[in-house]
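So the structure is just underneath, and the comments pick up after that.
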Amino acid sequence: MYHLALSKNKKFWSSSLQNIYLGPWTTPDFLKENFSEYNIELIDWHWDNLDKFYSDTSKIVDSYDKFIIKLAKVLNELHGLNWSLKAWKILCGPWLRRYLTILYERNESVSKIYYKYNIKSCTLSNASLINLQVKDFENFSERYKYEDYNNIIYSHILKKLDIKKKINFKELNFQSENTEIKQKKDISYFLKYYLKKIFFSKHLNVILSFFFKKNDYYLQTVYLKNKFEEIKLHLKLKNFPYVKSINSRIQDKERFNEKLRKEFHEKVKKTFDVNENNFYEKLVVDLIYYMFPRCYLENFINNSDYSQKIFNHHNPKIIIDSASYQKDELFKFWVAKKTQNDCKFIILQHGGYYENFKFKPDLIDHELEVADKYLSWGWKKKTHNVEPIACSIPFKKENIKKSDNIVNIILRTVGCYANNLSTHDIPYKNAEAYLESVINISNLINKDKKLRIFLHPGENPNEERGFHIKPYLEKKILNKNIEFFNGKINKYINYTDLNIFTYLGTPYNQTISADIPCLVFNNEKYEPLNQKYRLLYDSMIKNKLMHTNYFSLANHISNNEYKISDWWIKKETIESKNFFCKNFARKNYDLEELLRAIKD
């Protein structure tokens with residue numbers, strides 16, 4: 001008999017039964033060390049089986065394709081509109097994709113445990129389902145990373161499954177975690193704040209509005225090398241330049257409107273028409289009553305009107321963006337309406353990971369679906385209007401003296417919960433294998449070298465995102481001549497030729513696009529590559545640009561027969577890195593090329 005523990009808080013554990021842990025992911029040795037007084041059974045996660053994971057991603061994508069059409073119909077009826085399907089995809093698509101992914105994964109996790117193990121007890125927090133409500137997609141993205149939010153979902157699923165009432169549930173009174181990101185503010189912060197407030201005031205915008213309205217192009221969060229580059233792009237597009245795009249908070253005046261929610265939910269149940277035998281689909285319909293963001297329901301009219309007001313000074317023929325299409329709700333409201341009036345929407349690739357792997361993050365398909373044109377860093381798609389351009393945010397290569405005694409090691413995140421359809425930062429075996437790789441790479445490097453380890457910063461730039469890797473590595477890495485950084489890789493990338501990337505992602509693309517010496521490690525057992533580019537990856541492995549085991553990588557940088565700088569300019573190395581760059585990180589960024597891609 002077993003007890004299901006949903007938290008790292010020991011009040012949620014059982015001292016008499018075998019415990020199965022389903023809280024935020026942590027390492028097995030942490031559980032054994034910090035919960036030694038409890039009996040624990042470590043279980044396999046359902047998506048440790050990558051064949052199942054891949055099959056499930058297809059099911060989730062299929063459910064999105066089905067439900068977005070039906071959700072669009074419901075919202076058109078509810079709000080008295082006739083918006084296009086594309087417009088609703090622009091506004092609600094990112095949230096719906098992530099909502100479906102999270103519910104599918106949480107349901108699979110709980111169901112596997114429930115049906116495989118004889119669960120006799122579970123301690124829950126007494127939080128109500130109403131605590132699942134969020135104001136917008138950004139708020140949702142913050143909350144689903146936290147234990148209390150996931151526990152409400154887990155508890156609901158478990159109670160739904162336990163129709164025979166075999167589980168003894170005990171409720172504890174706990175406050176929800178505060179998910180608001182707070183940063184320390186010094187005098188310089190407030191000085192910058194008030195200068196910006198004056199410079200970007202609505203009065204200044206009113207004065208300049210006459211010029212803005214004549215612009216044929218609107219640039220939102222466009223990722224270029226610097227602000228000056230953006231101003232140059234404005235001028236070449238014959239735009240009157242503005243130095244700051246519009247970024248306002250949504251209106252969240254009305255909270256949970258029970259009457260409106262019930263009307264919405266009745267329409268959802270009728271329109272979605274889910275299979276009664278499909279527990280997952282029934283769960284989707286069940287929880288959408290609580291989890292559908294307020295900005296699309298209670299505060300829809302306010303935000304629709306407010307977006308029109310704040311973007312009133314702009315009437316472009318083409319809108320260009322790199323990242324706001326995900327979480328900037330007011331921008332999405334405006335784009336959704338503009339694209340229904342013959343305004344074109346161009347998305348510029350904002351980071352790495354695209355097309356590299358067999359598993360694709362859920363929002364990549366969203367970008368391709370809503371964009372009239374997509375500007376990639378090299379890759380193409382026959383099914384969509386994708387035009388390759390050079391990487392628009394390469395690091396700057398500097399000719400400075402290099403140190404042979406410094407090794408930069410760049411890390412990705414390790415997630416505490418699975419929130420996405422990629423293998424990039426998922427927990428359990430993937431996370432364990434990744435951390436083991438980082439530790440082994442670090443421990444195989446000559447001890448006389450200094451290690452600089454770059455962590456992935458979170459919303460607060462002074463903190464890590466996801467599982468906190470730093471304290472774990474400090475215990476495991478033997479070389480104590482080590483320094484940790486939260487981000488800032490661009491500041492230190494030129495001080496050594498020994499740059500090791502432990503994942504294929506944005507910083508690696510920025511580095512290799514700038515022709516700065518670098519190596520990349522990838523464990524293909526847990527992060528299988530896109531077979532469409534097999535020849536490319538085999539070339540990188542053969543020529544030691546990519547390493548699939550840590551011994552190979554450590555031997556390469558410790559080889560005394562040649563310097564990394566000499567290897568970097570070998571003919572075979574150049575051909576291989578050019579092969580990669582052509583497809584994923586095109587070199588030689590040129591504003592004129594970007595200009596042509598936008599105008600064509």
Side-chain angles (χ1 to χ4, degrees), residues 87 90-91 191-251 303-350 367 370-376 385 387 389-394 589-600:
I90 289 170
L91 185 62
L191 182 60
K192 289 176 183 177
Y193 172 79
Y194 285 110
L195 284 173
K196 284 182 179 180
K197 193 170 183 179
I198 295 168
F199 193 67
F200 302 127
S201 70
K202 63 181 180 180
H203 304 293
L204 181 61
N205 277 331
V206 169
I207 294 169
L208 299 176
S209 64
F210 173 78
F211 302 101
F212 292 158
K213 282 185 176 179
K214 293 186 175 183
N215 288 350
D216 285 338
Y217 302 87
Y218 177 80
L219 279 61
Q220 182 64 5
T221 310
V222 177
Y223 285 9
L224 300 176
K225 291 193 296 184
N226 50 51
K227 205 67 188 177
F228 181 61
E229 195 73 7
E230 187 175 326
I231 292 171
K232 287 198 297 182
L233 179 58
H234 272 294
L235 295 174
K236 286 184 177 292
L237 289 169
K238 295 183 169 53
N239 262 12
F240 184 86
Y242 47 91
V243 291
K244 188 177 188 301
S245 56
I246 296 168
N247 186 3
S248 297
R249 292 183 178 182
I250 64 160
Q251 304 287 296
N303 284 297
S304 180
D305 292 345
Y306 186 48
S307 73
Q308 201 64 37
K309 179 182 177 181
I310 62 175
F311 286 97
N312 187 47
H313 304 315
H314 298 274
N315 187 30
K317 295 176 181 177
I318 295 177
I319 298 169
I320 308 162
D321 179 47
S322 290
S324 291
Y325 64 86
Q326 289 189 27
K327 299 177 183 177
D328 188 334
E329 301 293 357
L330 293 171
F331 174 70
K332 286 156 60 182
F333 266 99
W334 182 61
V335 174
K337 287 182 278 188
K338 292 296 292 182
T339 54
Q340 294 179 93
N341 293 305
D342 298 323
C343 182
K344 300 301 180 185
F345 187 34
I346 295 176
I347 294 180
L348 173 63
Q349 183 174 334
H350 70 274
E367 294 173 39
V370 302
D372 294 291
K373 178 185 279 189
Y374 192 93
L375 304 183
S376 80
N385 184 16
E387 183 169 342
I389 61 167
C391 171
S392 57
I393 49 172
Y589 164 76
D590 177 46
L591 191 60
E592 292 296 331
E593 179 193 41
L594 175 58
L595 185 68
R596 287 192 298 272
I598 292 170
K599 286 189 167 185
D600 286 349

Below 4.5 Å, heavy atoms only, C-beta onward: do Tyr325 and Ile90 meet side chain to side chain? no
What's the shortest heavy-atom distance between Cys343 and Ile318, and which atoms? SG-N, 4.0 Å
For the residue pair Tyr223 and Ser392, what are the closest heavy atoms and their distance? O-OG, 2.8 Å
To the closest 0.5 Å, what do you measure between OH (Tyr217) and NZ (Lys238)? 9.0 Å
Backbone of Leu219 reached by a side-chain donor or acceptor of Tyr242 within 3.5 Å: yes
Under 4.5 Å between any side-chain heavy atoms of Asp328 and Ile246, yes or no? no
If you apply the rule side chain to side chain contact (heavy atoms under 4.5 Å, CB included), what do you find for Ile389 with Leu348, and how did you get there? CA-CA 9 Å; Ile389 61 167; Leu348 173 63; 3.3 Å; yes
Can you check side chain to side chain contact (heavy atoms under 4.5 Å, CB included) on Ser245 and Phe331, steps first, answer last? CA-CA 10 Å; Ser245 56; Phe331 174 70; over 6 Å; no
Applying side-chain hydrogen bond (donor to acceptor under 3.5 Å, both in side chains), name anything that partners Asn303, two or more places apart in sequence or on another chain. none
CD1 of Ile310 to CG of Asp305: how many Å apart, nearest 0.5 Å? 11.5 Å
Which value, rounded to the nearest 0.5 Å, describes the distance between Ser376 atom OG and Gln349 atom CD? 6.0 Å
Between Lys309, Gln251, Lys337, which is the residue that forms a side chain to side chain donor-acceptor pair (under 3.5 Å) with Ser304? Lys337
Tell me, please, which residues at least two apart from Lys327 pass side-chain hydrogen bond (donor to acceptor under 3.5 Å, both in side chains). none
Going from CD1 on Ile393 to CD on Glu229, what distance comes out if it is rounded to the nearest 0.5 angstrom? 12.5 Å
Shortest non-hydrogen contact between Ser322 and Val222, atoms and distance: OG-CA, 3.6 Å
Option among Lys214, Lys213, Lys338 that satisfies the side chain to side chain donor-acceptor pair (under 3.5 Å) test with Asn315: Lys338
Heavy-atom pair of closest approach, residues Asn239 and Asp216: OD1-N, 3.5 Å
Examine distances only and state if a side-chain atom of Asp372 and a backbone atom of Phe345 form a donor-acceptor pair shorter than 3.5 Å. yes
dist Gln326:CD -> Asp321:CG (nearest 0.5 Å) comes out at 9.0 Å
Step by step, work out the side chain to side chain contact (heavy atoms under 4.5 Å, CB included) result for Ile319 and Trp334. CA-CA 10 Å; Ile319 298 169; Trp334 182 61; 3.7 Å; yes
Looking at CD of Glu329 and OG of Ser324, how far apart are the two atoms once the value is rounded to the nearest 0.5 Å? 11.0 Å
Under 3.5 Å, side chain of Lys317 to main-chain N/O of Lys344, donor-acceptor pair present? no
Please tabulate, for the side chains in residues 592-600, all donor-acceptor contacts under 3.5 angstrom to protein atoms that are two or more places apart in sequence or on a different chain.
| unit_1 | atom_1 | unit_2 | atom_2 | d |
| --- | --- | --- | --- | --- |
| Glu592 | OE2 | Lys236 | NZ | 2.6 |
| Glu593 | OE1 | Ala390 | N | 3.0 |

Determine, step by step, whether Tyr218 and Phe212 satisfy the side chain to side chain contact (heavy atoms under 4.5 Å, CB included) criterion, reporting the C-alpha distance in whole Å, the side-chain angles of both residues, the deciding distance to 0.1 Å, and the verdict. CA-CA 9 Å; Tyr218 177 80; Phe212 292 158; over 6 Å; no
Closest non-hydrogen contact found for Leu330 with Arg249 is CD1-O, 3.3 Å
